[in-house]
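One structure, as structure tokens, below. Some questions next.
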There are 2 protein chains.
Amino acid sequence: MTQIEKHHHQHGERSRPEIRGMLRQSGLRPTRQRIALAELLYSKGNRHISAEGLHEEALTKNVPVSLATVYNTLHQFTESGLLREVAVDGSKTYFDTNVDDHHHFFVEDDNEVMDIPHGQLGVGRVPEAPAGYEISRVDVVVRLRRIKV
Amino acid sequence: MTQIEKHHHQHGERSRPEIRGMLRQSGLRPTRQRIALAELLYSKGNRHISAEGLHEEALTKNVPVSLATVYNTLHQFTESGLLREVAVDGSKTYFDTNVDDHHHFFVEDDNEVMDIPHGQLGVGRVPEAPAGYEISRVDVVVRLRRIKV
DNA sequence: CTGTGTGCAAACTCTTTGCATAAGT
DNA sequence: ACTTATGCAAAGAGTTTGCACACAG
């Protein structure tokens, strides 16, 4: 059994063996493609990326994966809690490498997602869920517009 | 004057002449289709509807409009401030007949959008916009899950 | 009449799927 | 070997576009 360096700083660089362990712990076979994609995802701090974006990036860096595999992988990672899906505007789905409780800025002009620094936003009072429902999550999106000069 | 009156008995809050005026004020020619769609939209209190939903509803009520026209109309209404686009999850776009400041519940199980009763939610502290940006809107989505029995 | 709106079908974008092949353990 | 993952291309959902015809002013 590989001993996993239990020292992952929340974000930032993760070594290849760390990634293999992360995948194993999530019940995902550490295949070439998954490892490569995980490296792209987790080697740059927090990222908010779409499937197409990640696919392009992979091809650019000579990691030949198919778009279908990118989609599969992103969804598997999401199910395993390694990623979180971010619902902002636009038709694209974004995946966030930061799975902690936090909220987002969304730049309307160029469909970009950014984290809101922790502590800068307080969701005041959360309403009661209607009967028969429970709250699964509260998402806040602060939409931004570029100031025209 | 056109005389193609279908049977419409909407228990509406806005009468047909009101709707015509509303469209005119927004710079939209009150055509048959726009009037009919506006009647569907505004005669039942607040609604959260997708283009496909509205199209189906129109056909059901013998208002023959094409899907393309429904999309055009929804977007024109949105630009004119008559509707508001709601960004929740899912791939569909929802349009909200309530353009006041308010937030939403989103039922994950069946992709349904509901208003959060006014006053039940307080957005605590809103973060500062990053330099060069201004806040255009803050959207809060409280995601709900049906409680399994 | 003049210009805008509409309908239709085809195009487009993003995402999912089916199935044969490749790779992990 | 046995099983799961991948790649490809095709299909699917939602949305948009281009152009001829219809309608409002």
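Quick caveat, the model's predicted, so the values are computed rather than measured. Labels below follow one simple rule: chain letters A, B, ... track the order of the sequence lines, proteins then strands, and each chain is numbered from 1.
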Would you mind telling me which residue lines up with the more 5' stretch of DNA chain D, B:Arg24 or B:His75, judged by nearest nucleotide?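 Its nucleotide being nearer the 5' end, the pick is B:His75.
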
Nearest-Å distance for atom pair CD/P, residues A:Glu85 and C:dT15: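 Atom-to-atom, A:Glu85 to C:dT15, this comes out as 9 Å.
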
To the nearest Å, give me how far apart CD (A:Glu52) and P (C:dT13) are.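 In whole Å, C:dT13 P and A:Glu52 CD are 9 Å from each other.
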
Main chain of B:Ile35, side chain of B:Arg16: is a donor-acceptor contact present, judged purely on distance under 3.5 Å?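 Judged by distance alone, no pair lies under 3.5 Å.
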
A quick test of your reading: do over 12 heavy atoms of other residues, nucleotides or ligands sit less than 6.0 Å from CD of B:Glu134?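 Enclosed.
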
On the nucleotide D:dG14, are OP1 or OP2 found under 4.0 Å from the side-chain N or O atoms that A:Ser91 carries?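 No, A:Ser91 has no side-chain N/O under 4.0 Å of OP1/OP2 on D:dG14.
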
Please tell me if A:Tyr71 has a side-chain N or O lying less than 4.0 Å from either OP1 or OP2 of C:dT16.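 For A:Tyr71, the contact criterion (side-chain N or O under 4.0 Å from OP1 or OP2 of C:dT16) is not met.
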
Under 4.0 Å from OP1 or OP2 of D:dT4: is there any side-chain N or O of A:Arg34 that close?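 No, outside the criterion.
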
After noting the C-alpha distance and the side-chain angles of B:Asp89 and B:Phe106, does the key distance pass the side-chain contact (heavy atoms from CB on, under 4.5 Å) rule? CA-CA 8 Å; B:Asp89 200 88; B:Phe106 177 67; 3.6 Å; yes

Look at all strands and tell whether B:Thr93 reaches a base, only sugar-phosphate, or nothing, counting heavy atoms closer than 4.0 Å.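 Result for B:Thr93 = sugar-phosphate.
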
Between C:dC8, C:dT25, D:dG14, which nucleotide gets closest to the side-chain atoms of B:Lys92?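 Of all the options, the side chain of B:Lys92 is nearest to D:dG14.
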
Nearest-angstrom distance from the residue atom OH of B:Tyr94 to P of D:dA13: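 Checked: the OH to P distance equals 15 Å.
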
Roughly how many Å is it from CG in A:Leu74 to P in D:dT6, rounded to a whole number?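 Rounded to whole Å, this separation is 12 Å.
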
Side chains of B:Asp96 and B:His102: is there a donor and an acceptor less than 3.5 Å apart?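 On atom types as modelled, these side chains qualify, holding a pair under 3.5 Å.
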
When the distance from CG of A:Asn72 to P of C:dC19 is rounded to whole Å, what number comes out?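 Atom-to-atom, A:Asn72 to C:dC19, this comes out as 16 Å.
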
Does B:Gln33 have a side-chain nitrogen or oxygen under 4.0 Å from the phosphate oxygens OP1 or OP2 of D:dC23?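 Negative; the distance criterion is not met.
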
Looking only at side-chain atoms of A:Ala51, point me to the closest of C:dT15, D:dT16, D:dT17.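 Looking only at heavy atoms from C-beta outward on A:Ala51, the closest nucleotide is C:dT15.
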
Spacing between B:Glu79 atom CD and D:dT16 atom P, to the nearest angstrom: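 After rounding, the reported distance stands at 11 Å.
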
For C:dT25, does OP1 or OP2 lie under 4.0 Å from any side-chain N or O of A:Arg29?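 Checking A:Arg29 against C:dT25: no side-chain N or O falls below 4.0 Å of OP1 or OP2.
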
Whether B:Arg32 contacts D:dA22 is assessed here as follows: a side-chain N or O lying under 4.0 Å from the phosphate OP1 or OP2. Is that the case?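 For B:Arg32, the contact criterion (side-chain N or O under 4.0 Å from OP1 or OP2 of D:dA22) is not met.
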
Check whether the ring centres of B:His48 and B:Phe105 lie less than 6.0 Å apart, and answer yes or no.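 When the ring centroids of B:His48 and B:Phe105 are compared, they turn out to be at least 6.0 Å apart.
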
Kindly say if A:Thr69 contacts the phosphate of D:dT6, meaning a side-chain N or O under 4.0 Å from OP1 or OP2.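 So the side-chain polar atoms of A:Thr69 never come under 4.0 Å of the phosphate oxygens OP1 or OP2 of D:dT6.
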
Send over the distance from A:Glu56 CD to C:dT15 P, rounded to a whole Å.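 It works out to 13 Å between those atoms.
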
Gap between atoms CD1 and P, on B:Ile49 and D:dG14 respectively (whole Å):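 To the nearest whole Å, that distance equals 14 Å.
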
With a cut-off of less than 4.0 Å, is there a side-chain N or O of B:Thr31 near OP1 or OP2 of C:dT4?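 The answer is no; no side-chain N or O of B:Thr31 sits under 4.0 Å from OP1 or OP2.
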
